[in-house]
Amino acid sequence: MGHAGYAKGRKPDILCAAISVLTIGTVNSLKDLAGEQLCVAADESTGFLKCDFEGRLQEKSSFLLDSMVYSLENLSREYGEKFLKVKFEEV
């Protein structure tokens, strides 16, 4: 949720673009490649993306999500938590 702000108003913001590619690509892969039933809400102006799963996750879907988290955590380490904080919440 939110924009990274790494470029400080300059375009393009490479960190925001990387996060978008990872998250949107993962959601598309979950839907189109893994066949998951998803409820997706997004707002480009605020940088919000929410993806709810309908039913139990398949093993391949879990792998896709693990890969996305791994990549986001690497970006957070590289660019700093000031710009990207990966946070987990149990629901």
Side-chain angles (χ1 to χ4, degrees):
M1 183 161 156
H3 290 286
Y6 179 75
K8 296 183 176 117
R10 298 181 307 263
K11 298 290 179 185
D13 187 330
I14 59 171
L15 181 56
C16 207
I19 295 166
S20 294
V21 166
L22 285 169
T23 56
I24 294 168
T26 300
V27 168
N28 288 339
S29 293
L30 287 165
K31 187 174 70 172
D32 297 338
L33 300 177
E36 293 288 351
Q37 298 297 313
L38 308 173
C39 181
V40 179
D43 184 341
E44 188 176 319
S45 66
T46 63
F48 177 80
L49 176 65
K50 180 179 180 180
C51 179
D52 290 320
F53 297 88
E54 298 173 4
R56 188 178 173 108
L57 280 181
Q58 301 173 62
E59 186 176 333
K60 60 185 167 185
S61 299
S62 201
F63 180 80
L64 287 168
L65 290 168
D66 287 343
S67 177
M68 179 191 71
V69 169
Y70 174 79
S71 296
L72 290 171
E73 288 176 332
N74 282 335
L75 285 173
S76 180
R77 280 190 289 280
E78 184 172 339
Y79 290 94
E81 283 194 1
K82 175 181 176 185
F83 301 108
L84 172 60
K85 185 181 291 185
V86 179
K87 180 173 89 172
F88 292 94
E89 292 181 16
E90 190 170 328
V91 292

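Note that the numbering runs from 1 along the sequence shown for the chain. Just so it is clear, the structure is predicted and the values come from calculations on it, not from any experiment.
- Remark: K85 engages no residue in a salt bridge (charged side-chain N to carboxylate O under 4.0 Å, His left out) (not counting sequence neighbours).
- No continuous path of ILVMFWY side-chain contacts below 4.5 Å connects Y70 to V27, so the two sit in separate hydrophobic clusters.
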Chi angles and distances behind the side chain to side chain contact (heavy atoms under 4.5 Å, CB included) call for L33, L64: CA-CA 10 Å; L33 300 177; L64 287 168; 5.6 Å; no
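- Annotation: side chain to side chain donor-acceptor pair (under 3.5 Å) contacts of N74 (sequence neighbours excluded): R77.
- Within the 3.5 Å criterion, the main-chain N or O of L84 finds a donor-acceptor partner in the side chain of S76.
- With sequence neighbours excluded, the residues forming a salt bridge (charged side-chain N to carboxylate O under 4.0 Å, His left out) with D52 are K50, listed by chain and number.
- Annotation: the span from L15 atom CG to F83 atom CZ amounts to 8.0 Å, rounded to 0.5 Å.
- For E54, the side chain to side chain contact (heavy atoms under 4.5 Å, CB included) partners two or more places apart in sequence, or in a different chain, are Q37, C39.
- For the pair S67 (side chain) and F63 (backbone), a donor-acceptor distance under 3.5 Å is absent.
- For V21, there are no side chain to side chain contact (heavy atoms under 4.5 Å, CB included) partners, not counting sequence neighbours.
- Considering all non-hydrogen atoms of both residues, L22 and T26 come closest at O-OG1, 2.7 Å.
- Judged as a side chain to side chain donor-acceptor pair (under 3.5 Å), and not counting sequence neighbours, E78 has no contacts.
- In the displayed structure, F53 atom CZ is contacted under 6.0 Å by more than 12 heavy atoms of other residues, nucleotides or ligands.
- Judged as a side chain to side chain contact (heavy atoms under 4.5 Å, CB included), and not counting sequence neighbours, the contacts of T23 are I19, L49, M68, L72.
- Under the rule for a side chain to side chain contact (heavy atoms under 4.5 Å, CB included), the partners of S61 that lie at least two apart in sequence or sit in another chain are L30, A34, E36, L57, Q58.
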